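Only one structure is covered here, and it is reproduced in the block below.
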Amino acid sequence: MSTRTPIAFLKGHGTENDFVIVPDPDNVIDLSPAAVAALCDRRAGIGGDGLLHVVRSAAHPEAKDMAAEAEWFMDYRNGDGSIAEMCGNGVRVFARYLQHAGHTTEGDLAIATRGGVKTVHIAKDGDVTVGMGKARLPEGDVKVSVGERSWPARNVNMGNPHAVAFVDDLAHAGDLYSPPPFTPASAYPDGVNVEFVVDRGPRHVALRVHERGSGETRSCGTGACAVAVATARRDGTDPAVTGAPVTYTVDVPGGTLVITERPDGEIEMTGPAVIVAEGELDADWLETVVR
């Protein structure tokens, strides 16, 4: 990568889960883990919970097989530079970027992710709905802890792993700077996103979340879906059993998401997505920080 080549970037967020966006249709920019971490650094970089690398599916080895279904691939990275399978808020912001750049318009589109192809609808009111697929609920007891407190947790996989714990007070989650310990270790060999949940009213909950590789974030889309699924099972409103869809309002620190699970198991998430800035990276700086 030439140090004289300008690198375009944007900044966006979905319920304050924020992302650095790097458009790279032909997949020519080398975004090493160190480069991603530097870009996501809130003091020395642009700052973000993660990075959305925007690549045409046909140009990325992990997405070539999805190119016939989805033109664009969300090569998502956590804020520490590690790779993640999916990011629900990220998909909404990714879709908003495609609209902003003129690659799509209001209506339906498909986006390739490491968690599969996701169906997205961009509404006229600005909200974006993402088809999040079906949850998997691996069997086995899981427990998470913070300090001397511990709770049983529901193991929910939304293309990435989650442990959902119902608590009496969100303050019991502690500072969430470091990953909450969990047992057994075999339940999440690659780490886990941990959601702490309280009730707010009928079919209305609130959460705090520690995202694997990012720490506590203002929102987690797959986490909100996992929480809705776990809450439906707790409440006896599993759509596969009742035959009726169920919708939960999920408050996150950065706003509100609406999650609907249908009798066939398909889950939809609706919420805002905002582009807040765009510009050019100093390529010399980026090359220096990753040496």
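The shown structure was predicted, so the numbers you read here are calculated from the model rather than taken from an experiment.
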(request) Decide if the gap between the ring center of Phe94 and the ring center of Trp72 is smaller than 6.0 angstrom. (result) no
Hey, what do you get for [atom1] ([X]) to [atom2] ([Y]), rounding to the nearest 0.5 Å?
X: Phe19; Y: Cys40; atom1: CZ; atom2: SG; value: 9.5 Å
X: Glu106; Y: Ile122; atom1: CD; atom2: CD1; value: 8.0 Å
X: Glu287; Y: Leu281; atom1: CD; atom2: CG; value: 13.0 Å
X: Ile267; Y: Tyr248; atom1: CD1; atom2: OH; value: 12.0 Å
X: Phe166; Y: Leu207; atom1: CZ; atom2: CG; value: 10.5 Å

[X]/[Y] ion pair, N-O < 4.0 Å:
X: Glu211; Y: Arg218; value: no
X: Arg262; Y: Glu268; value: yes
X: Lys118; Y: Glu69; value: no
X: Glu62; Y: Arg114; value: yes

Write down the atom of [X], the atom of [Y], and the distance for their closest heavy-atom approach.
X: Gly213; Y: Ser82; result: CA-OG, 4.5 Å
X: Ala67; Y: Ala58; result: CB-N, 3.9 Å
X: Ala8; Y: Pro23; result: O-CD, 3.5 Å
X: Leu52; Y: Tyr76; result: CD2-CD1, 3.5 Å
X: Ile259; Y: Met269; result: CD1-CG, 3.5 Å
X: Val128; Y: Ala273; result: CG2-CB, 4.2 Å

(message) Do Thr270 and Asp127 pair up side chain to side chain, a donor and an acceptor below 3.5 Å, judged on atom types alone?
(response) no
(message) Is a donor from one side chain sitting under 3.5 angstrom from an acceptor on the other, for Thr260 and Thr247?
(response) yes
Single hit among [options] for side chain to side chain contact (heavy atoms under 4.5 Å, CB included) with [X]:
X: Asn155; options: Leu137, Val142, Val192; answer: Val142
X: Asp18; options: Thr217, Val274, Asp49; answer: Asp49
X: Val252; options: Thr15, Val209, Asn17; answer: Thr15
X: Met158; options: Met132, Lys134, Arg136; answer: Met132

Under 3.5 Å, is there a donor-acceptor pair between the side chain of [X] and the main chain of [Y]?
X: Asp235; Y: Thr237; answer: no
X: Asn78; Y: Gly81; answer: no
X: Asn193; Y: Pro161; answer: yes
X: Ser57; Y: Ala70; answer: yes
X: Tyr188; Y: His162; answer: yes

Is it the case that over 12 heavy atoms from other parts of the model lie below 6.0 angstrom from the [atom1] atom of [X]?
X: Asp65; atom1: CG; value: no
X: Asp169; atom1: CG; value: yes
X: Lys143; atom1: NZ; value: no
X: Asp141; atom1: CG; value: no

(message) Given the ring of Phe73, does Arg56 sit roughly above its face, with NZ or CZ under 6.0 Å from the centre of the six-membered ring and within 45° of the axis?
(response) no
(message) Working note: Glu216 + Arg208, criterion salt bridge (charged side-chain N to carboxylate O under 4.0 Å, His left out); need CA distance, chi angles, decisive distance, verdict.
(response) CA-CA 8 Å; Glu216 182 172 15; Arg208 287 179 64 201; 2.8 Å; yes
